[in-house]
Amino acid sequence: WLMWRRTANHWGYSPLAQIDKTNVGSLRLAWAWTMGDGRQETTPLVHDGVMFLFTYPDTVLAIDAGNGALLWRYQHATVGPASQKKGIALYGDMVLVPTSDMHVLALNARTGELIWDHTIATEEGLTGYRLRSAPFIVGDTLMQGVAAINIPKGGFIVALDIDTGTEAWRFHTIARPGEPG
């Protein structure tokens with residue numbers, strides 16, 4: 001389960017057939033993990049036996065999916081209040097994380113160490129921008145939707161170079177003066 005909603009076309013269900021209505025009743029709890037207080041809306045990602053959880057507030061956990069042991073924890077020092085988000089993304093050896101204070105982070109998936117940190121620039125004085133969605137990876141580009149709450153000009157989509165975090169382009173979802181649409 002490498003991305004939010006499992007596949008690029010967002011089919012958020014498992015195609016596995018080992019568990020069905022004839023044997024689901026024999027499932028038993030293997031381990032449990034208590035997450036911190038706050039809104040939890042993310043989908044856990046699992047790769048090579050490691051479960052990555054994005055918890056409130058702006059915390060990423062790497063957990064051994066077999067036994068529930070914590071492998072590492074990364075806590076972003078958020079400036080301002082934390083907001084709920086849908087998730088994170090995996091790419092190569094990186095965990096890609098949107099934060100409550102308009103940063104997108106790349107963490108080393110094995111160690112949790114910060115690889116790069118990109119601050120998404122917004123208009124001066126406007127505070128209604130939020131990173132709510134999970135990053136979406138296409139080729140070597142990370143795309144991140146930016147929601148705009150009570151901002152007349154609307155939100156935008158920003159594209160970052162996956163290796164450096166450098167902004168490659170942005171697309172405004174509401175046309176600006178002089179633009180088509």
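Please read all numbers here as calculations on a predicted model, not as lab measurements.
No side-chain heavy atom of Thr166 sits under 4.5 Å from any side-chain heavy atom of Leu160. Using a 4.5 Å heavy-atom threshold, the side chains of Ile151 and Glu123 count as separate. Two residues are said to be in side-chain contact when any heavy atoms from C-beta on lie closer than 4.5 Å; His172 and Lys153 fail this criterion. Looking at Met102 and Leu131, their side chains come closer than 4.5 Å, going by heavy atoms from C-beta outward. Trp116 is listed as a side-chain neighbour of Leu96, based on a closest heavy-atom distance under 4.5 Å. Inter-residue side-chain proximity for Pro98 and Pro135 is flagged as met; some heavy-atom pair is nearer than 4.5 Å.
Checking side-chain atoms of Trp31 against main-chain N and O of Ala65 turns up a donor-acceptor pair under 3.5 Å. Remark: the backbone N or O of Asp101 is not paired with any side-chain donor or acceptor of Thr78 at under 3.5 angstrom. Put simply, the side chain of Gln75 gets close to the backbone of Pro57: a donor and an acceptor are under 3.5 Å apart. Under a 3.5 Å cut-off, the side chain of Gln144 and the backbone N or O of Val97 do not form any donor-acceptor pair. No side-chain donor-acceptor contact under 3.5 Å links Thr55 to the backbone of Met35. No donor-acceptor pair closer than 3.5 Å links the side chain of Ser26 to the backbone N or O of Val24.
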**OP:** Would you sort out whether Arg170 and Val146 count as a side chain to side chain contact (heavy atoms under 4.5 Å, CB included), showing the intermediate values?
**Re:** CA-CA 10 Å; Arg170 70 175 53 198; Val146 179; over 6 Å; no
**OP:** Under the side chain to side chain contact (heavy atoms under 4.5 Å, CB included) rule, what do Leu61 and Trp33 come out as? Steps first, then yes or no, please.
**Re:** CA-CA 11 Å; Leu61 306 173; Trp33 188 271; 3.2 Å; yes
**OP:** Show the numbers, then the answer: is there a side chain to side chain contact (heavy atoms under 4.5 Å, CB included) between Val50 and Ile63?
**Re:** CA-CA 6 Å; Val50 177; Ile63 299 169; over 6 Å; no
Original post:
Yes or no on side chain to side chain contact (heavy atoms under 4.5 Å, CB included) for Ile88 and Phe52, after CA distance, side-chain angles and deciding distance?
Top reply: CA-CA 8 Å; Ile88 55 180; Phe52 299 93; 3.9 Å; yes
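Pairing each heavy atom of Phe156 with each of Tyr129, the nearest pair is CE2-CE2, 3.8 Å. His118 and Gly165 get closest at one heavy-atom pair: ND1-O, 3.0 Å. The nearest pair of heavy atoms linking Gly155 to Ala148 is N-CB, 3.4 Å. The shortest non-hydrogen separation linking Gly154 to Thr173 is C-OG1, 4.5 Å.
Remark: Leu107 CG to Leu90 CG distance equals 10.5 Å, nearest 0.5 Å. How far OG1 of Thr164 is from CD1 of Ile115: 12.0 Å, rounded to the nearest 0.5 Å. Atoms CD1 and CE, on Ile162 and Met143 in that order, are 10.0 Å from each other to the nearest 0.5 Å.
Side-chain heavy atoms closer than 4.5 Å link hydrophobic residues (I, L, V, M, F, W, Y) into clusters, and following such links, even through other members, never connects Ile149 to Val158. Clustering ILVMFWY residues whenever any of their side-chain heavy atoms sit less than 4.5 angstrom apart, transitively, puts Leu27 in a cluster other than the one holding Leu16.
With 3.5 Å as the limit, one finds no donor-acceptor pair spanning the side chains of Thr99 and Asp58.
No more than 12 heavy atoms of other residues, nucleotides or ligands shown are found within 6.0 angstrom of CG on Asn150.
For residues 55-85, the set of pairs meeting the ring-ring contact (aromatic ring centres under 6.0 Å, His included) definition, not counting sequence neighbours, comprises His76-His103.
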